[in-house]
Number of protein chains: 2
Amino acid sequence: MGNTQLASVPEPKYWHLKTVLSEALDTEFAVGEVLPNERQLSARFGVARATLRQALEQLELEGRLQRRRGVGTTVAPPRLGVAVGTDHGQDRPGTDDDLWQPVDCVDAVPPAAVVRLLGSGSGETVHTVQRTRSADGRVIAAELLYVPAAAVPGLSAIEPLAGAARARAVLREFRRLGLEGQDRAVELGSAGAEDAKQLDRLPGAPVLVVTTRHFAEGRTAAVGVATYRADTCRLTFGESGAVQVTPQGPDRRAS
Amino acid sequence: MGNTQLASVPEPKYWHLKTVLSEALDTEFAVGEVLPNERQLSARFGVARATLRQALEQLELEGRLQRRRGVGTTVAPPRLGVAVGTDHGQDRPGTDDDLWQPVDCVDAVPPAAVVRLLGSGSGETVHTVQRTRSADGRVIAAELLYVPAAAVPGLSAIEPLAGAARARAVLREFRRLGLEGQDRAVELGSAGAEDAKQLDRLPGAPVLVVTTRHFAEGRTAAVGVATYRADTCRLTFGESGAVQVTPQGPDRRAS
DNA sequence: AAGTGGTCTAGACCACTTG
DNA sequence: AAGTGGTCTAGACCACTTT
């Protein structure tokens, strides 16, 4: 006998490292400060660079760090609380708020999963509006809003429009509908190539995928698929008045 | 000249691998089926095992795969849609629904972030109720519900209780309050050691952290921090009637 | 005991940003 | 050109589950 605790809990190195770094971040670093580079850190802690990276990846996933190739690793600010309006006028597509910035609009046949949600025909093309949402001058979310042509009949006449102008036109028509409600789902995903570019992240970066169904006239009038940067965003589902963009950190359980 | 596309887009191997595997999963495998082991797969694709693992990790993050040490890698079923009630009677702690299963209850001083949300004193101990939520016989979420002693004054008399019985007592008292509303935030996190055990995952596994503020008598009466398995869960925020446990996959953008 | 995924190493090269 | 993080390799050993 002698050692009961030491051998019986072979905590992975990267896990222990993460804990140590996490505490150091709380006490010895300020937001925005750059950490020593990975080679220096791995040497200092006496581990391989891959192991050190495993710890950094976790901390980045938790929104504690921000890493940029060619630049370095910096201490991330607390996550931004972004309101994903539940039934306030807020999120109704087409409203003049500039939460969302129209980018483009094409007609295409949506992915099978979206077709299923729309309940429309399988080969049908729908207006696909591309929008981005920004905060503090940075893009934090990219959305594809799928609006079946049947839902906005007034549009065919304005055909010639393209790009952002076209997107605005579709949204304007869409706004004419009396929206009856929305329906949301949130899940974890990883950024595709296009999303990654818009979010200024590498492909595969973790994102929170918010799928919204917009109801009008008893049917699903549109489906939105928004991808939020999971590293920098905390999605808030208000209800109690406060239309907040609360920047206060919510919680982190004992590590 | 000659090659413009080939050299200009040096897509990472693991990314390409992920795409190939993803398509194979759609066409050649059934849910629950076990894949060849990592050494075989890496050999078959002519890459190092670490590279293969990078692709598998992403697919697991997206809920397409499930890996268990000592067992193997299997094709995951579509994510489970779990309702995170917005203001339906549903989620009121203490209701007899068995969405949540009381596990334990201790009095302790909560993490700083929770203290901030509660607006209570800093050194104050609060009733900390531990609950788990299951679906299909598996635990999908673990929650710590922080209830300040001041909010449930009727409890001190029943002191001797402990464990799950104590938890039920606190919830019963809490239910007596007239809840006025809730407030939620969702963000990405990684499972701590205790959470991981309850969720049957390894520490560091990705989780969706749902922070709920319960309002009563014009104050924050309790704060819940729930961690949902991000690999298997899709959180739904109903509003349109349907109290669903929709098991249909919502979407996945073109890879 | 055998087979699986999980951790770790030491090194190499690449893509990107910045002076 | 120098410095950063990102990708990739080939191998080793460990922890866990199943037989």
Side-chain angles (χ1 to χ4, degrees), chain A residues 6-19 21 33-61 64-76 190-191 193 196-197 200-206 231, chain B residues 6-19 21 33-61 64-76 190-191 193 196-197 200-206 231:
Chain A
L6 291 174
S8 61
V9 183
E11 192 178 55
K13 277 190 186 178
Y14 79 91
W15 186 262
H16 182 243
L17 239 185
K18 178 192 142 184
T19 308
L21 284 171
E33 197 169 345
V34 311
L35 272 61
N37 71 48
E38 297 184 349
R39 288 155 179 92
Q40 290 172 335
L41 282 176
S42 59
R44 175 179 310 179
F45 288 106
V47 300
R49 194 179 150 218
T51 304
L52 184 267
R53 277 179 61 81
Q54 214 173 337
L56 294 184
E57 264 152 35
Q58 284 241 5
L59 289 170
E60 191 180 27
L61 200 77
R64 307 282 315 263
L65 292 179
Q66 201 159 347
R67 301 192 287 172
R68 273 176 306 171
R69 171 154 53 177
V71 179
T73 302
T74 60
V75 180
S190 53
K197 219 170 298 173
D200 190 29
R201 300 258 62 197
L202 289 180
D231 56 343
Chain B
L6 290 173
S8 61
V9 182
E11 191 178 54
K13 276 190 188 179
Y14 79 90
W15 186 260
H16 182 243
L17 239 184
K18 178 191 144 187
T19 307
L21 284 171
E33 198 168 345
V34 311
L35 271 61
N37 71 49
E38 296 183 350
R39 287 153 180 95
Q40 290 172 336
L41 282 177
S42 58
R44 176 178 310 180
F45 288 106
V47 299
R49 194 178 149 218
T51 305
L52 184 267
R53 277 179 62 81
Q54 214 172 337
L56 293 184
E57 265 151 35
Q58 283 240 7
L59 289 171
E60 191 179 28
L61 201 77
R64 306 283 314 264
L65 291 179
Q66 201 161 345
R67 302 192 287 172
R68 272 176 307 170
R69 170 154 54 177
V71 178
T73 302
T74 61
V75 180
S190 53
K197 220 169 299 174
D200 189 29
R201 298 257 62 196
L202 289 181
D231 54 345

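The figures here come from the full heavy-atom set of this structure, side chains too, leaving out hydrogens, waters and symmetry mates.
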Which nucleotide, C:dG5, C:dT7, D:dT4, lies nearest any side-chain atom of B:N37?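 Per side-chain heavy atoms of B:N37, the pick is C:dG5.
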Which pair of non-hydrogen atoms, one from [X] and one from [Y], has the smallest distance, and what is that distance?
{"X": "B:Y14", "Y": "A:P203", "value": "OH-O, 4.1 Å"}
{"X": "B:D231", "Y": "B:E60", "value": "CB-O, 4.0 Å"}
{"X": "B:T51", "Y": "B:L17", "value": "O-CD1, 4.4 Å"}

Calculate the interatomic distance between A:E38 atom CD and D:dA2 atom P; express it in whole Å.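 Nearest whole value for this atom pair: 21 Å.
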A:K13 NZ to D:dC14 C1', straight-line distance once rounded to whole Å: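 Rounded to whole Å, this separation is 13 Å.
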Is the shortest side-chain N/O distance from [X] to OP1 or OP2 of [N] below 4.0 Å?
{"X": "A:R67", "N": "D:dT4", "result": "no"}
{"X": "B:T73", "N": "C:dG5", "result": "yes"}
{"X": "A:R68", "N": "C:dC16", "result": "no"}
{"X": "B:Y14", "N": "D:dT7", "result": "yes"}

Give the residues of residues 48-56 of chain B touching DNA chain C, defined as any heavy atom closer than 4.0 Å, sorted by residue number.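 Those residues whose heavy atoms fall under 4.0 Å from DNA chain C, taken from residues 48-56 of chain B in numerical order, are B:R49, B:R53.
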Looking at A:R53, A:K18, A:R64, which hits side chain to side chain donor-acceptor pair (under 3.5 Å) with A:Q58?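 When A:R53, A:K18, A:R64 are each tested with A:Q58, the side chain to side chain donor-acceptor pair (under 3.5 Å) holds only for A:K18.
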Every protein N/O lying under 3.5 Å from an N/O of nucleotides 17-19 of chain D:
none

Ignoring hydrogens and geometry beyond distance, is the side chain of A:R39 in donor-acceptor contact with the base of D:dG3 at under 3.5 Å?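 Flag unset: no donor-acceptor pair detected.
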Are more than 12 heavy atoms, taken from residues, nucleotides or ligands other than A:D200, located less than 6.0 Å from that residue's CG atom?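 No - once you tally the heavy atoms of other residues, nucleotides and ligands closer than 6.0 Å, there are 12 at most.
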Has B:R49 got more than 12 heavy atoms of other residues, nucleotides or ligands less than 6.0 Å from its CZ?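 Enclosed.
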Interatomic spacing from CD in B:Q66 to CG in B:L56 - rounded to 0.5 Å: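 The CD atom of B:Q66 sits 13.5 Å away from the CG atom of B:L56.
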For the helix from C:dA1-D:dT18 to C:dT18-D:dA1, what angle separates the axis at the start from the axis at the finish, each from five pairs, in steps of 10°?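 Computed angle between terminal axes is 10°.
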